[in-house]
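Down below is the structure, laid out as structure tokens.
Not measured: the values here are computed from a predicted model.
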Amino acid sequence: MSRADALLRDNADLTRACLDHPFVQGIAHGDLDRRAFVFYIEQDAFFLEGFARAYALAFAKAPDRGAMAEIRALLDGVFGELELHRGYARQWGARLDPEPSRATLAYTDFLLRVAWSEPVSHILAAMTPCMRLYAHLGARMAPDAAPDSPYRAWVETYSDPEFEALATRMESLLDTHEDGSDTIARHYRTAMRLEYDFFDQAAGDTGPEASG
């Protein structure tokens, strides 16, 4: 089993919690409150800019040209997501320059602190959960998503094979460069918990108790 696969297995409780979250289920069923989705999109636009900056720092620390090429391709994927958000802004009246919430800042501050001060293996561990979780959610939600859901484009984006390929690419990078340290596991779990908090802030629920 690869390290990325083992990390995903070890965090199955949090991936299940995210999938079962009322916010995520509301996207799938199409009955999520519009205001909650707009808030989420606005916060996600802020988050993705931080995510892109973390990629840029990982690129600068990449040990070889192969890693640089892979990270550049993944960074291009972030700009594709931001283009999707621009479409949401036009459709839903979302602002793409919001005041970040506490949960959003906690996540971006974590990513950028790791990206600025730690090696590329740790950066990849902190960033991989976002990619893998969204690909997992998209794949699990797509079969049962309401065909008339106003949020169906969100489901289709993250269930697309191209997004799965990006997530797999990220996991391959992590497997190649991970150093076997406990820090890898800690950063992965921290990021997964912050993912839950990111969904939770839009719904106003209390997150699960999870050790790690």
Side-chain angles (χ1 to χ4, degrees), residues 1-12 14-15 18 43-86 96 100 104-139 157-198 212:
M1 180 181 290
S2 73
R3 187 72 189 278
D5 287 342
L7 290 165
L8 183 61
R9 176 202 62 194
D10 293 344
N11 288 275
L14 289 173
T15 59
C18 288
Q43 294 300 309
D44 201 41
F46 183 93
F47 168 80
L48 285 172
E49 289 190 9
F51 203 68
R53 293 176 191 279
Y55 267 136
L57 289 165
F59 181 90
K61 295 181 178 183
D64 53 54
R65 290 182 181 176
M68 291 170 69
E70 291 295 290
I71 293 168
R72 184 186 65 182
L74 289 163
L75 179 56
D76 287 343
V78 175
F79 283 99
E81 285 190 77
L82 284 169
E83 185 61 35
L84 176 70
H85 284 56
R86 279 188 279 273
L96 299 183
T104 302
L105 279 177
Y107 201 172
T108 55
D109 287 354
F110 164 71
L111 287 175
L112 293 173
R113 175 181 58 77
V114 171
W116 181 260
S117 63
E118 299 187 38
V120 70
S121 59
H122 296 181
I123 304 171
L124 295 171
M127 298 183 73
T128 297
C130 178
M131 300 293 294
R132 174 42 60 202
L133 177 65
Y134 273 65
H136 173 78
L137 294 178
T157 294
Y158 296 113
S159 62
D160 192 299
E162 290 187 9
F163 192 83
E164 170 62 30
L166 289 173
T168 300
R169 207 165 184 170
M170 175 70 105
E171 289 175 324
S172 180
L173 265 179
L174 175 59
D175 286 336
T176 298
H177 298 287
E178 69 97 5
D179 57 13
S181 70
D182 291 341
T183 301
I184 298 291
R186 286 198 301 272
H187 283 352
Y188 193 103
R189 188 158 182 84
T190 294
M192 197 65 82
R193 292 186 68 174
L194 289 166
E195 284 289 341
Y196 184 95
D197 292 345
F198 196 84

Checklist entry - Taking the six-membered ring for Trp, are Phe163 and Tyr134 ring centroids under 6.0 Å apart? => result no

Straight-line distance of [X] [atom1] to [Y] [atom2], nearest 0.5 Å:
X      : Y     : atom1 : atom2 : value
Glu49  : Leu96 : CD    : CG    : 8.5 Å
Thr128 : Leu7  : OG1   : CG    : 8.5 Å
Leu75  : Ile71 : CG    : CD1   : 9.5 Å
Met192 : Leu8  : CE    : CG    : 6.0 Å

Might you point out which heavy atoms bring [X] and [Y] nearest each other, and give the distance in Å?
X      : Y      : value
Ile184 : Ser121 : CD1-O, 3.4 Å
Ile123 : Ala54  : CG2-O, 4.1 Å
Glu164 : Ala135 : OE1-CB, 3.5 Å
Leu137 : Cys18  : CD2-C, 4.2 Å
Lys61  : Ala115 : NZ-O, 2.8 Å
Leu166 : Ala73  : CD2-O, 4.2 Å

Item to check | Residues Ser172 and Arg169: side-chain donor-acceptor under 3.5 angstrom | outcome: no

Item to check | Residue Asp64 excluded, over 12 heavy atoms near CG under 6.0 Å | outcome: yes

Checklist entry - Does a sphere of radius 6.0 Å around CD in Glu162 hold more than 12 heavy atoms from other residues, nucleotides or ligands, not counting ones at 6.0 Å or beyond? => result no

Checklist entry - Is it true that Arg189 and Glu195 have a side-chain N and a carboxylate O under 4.0 angstrom from each other? => result no

Item to check | Qualifying ring pair (Phe, Tyr, Trp, His ring centres under 6.0 Å) pairs with a residue from residues 54-81, counting only residues at least two apart or across chains | outcome: Phe51-Tyr55

Checklist entry - What class does the angle between the rings of Phe198 and Tyr107 fall in, given that below 30° is parallel, 30 to 60° is tilted and above 60° is perpendicular? => result perpendicular

Checklist entry - What do the steps show when you test Tyr158 against Glu81 for side-chain contact (heavy atoms from CB on, under 4.5 Å), and what is the final call? => result CA-CA 10 Å; Tyr158 296 113; Glu81 285 190 77; 2.6 Å; yes

Checklist entry - How would you list, by chain and number, every residue that makes a salt bridge (charged side-chain N to carboxylate O under 4.0 Å, His left out) with Glu118, sequence neighbours excluded? => result Arg113

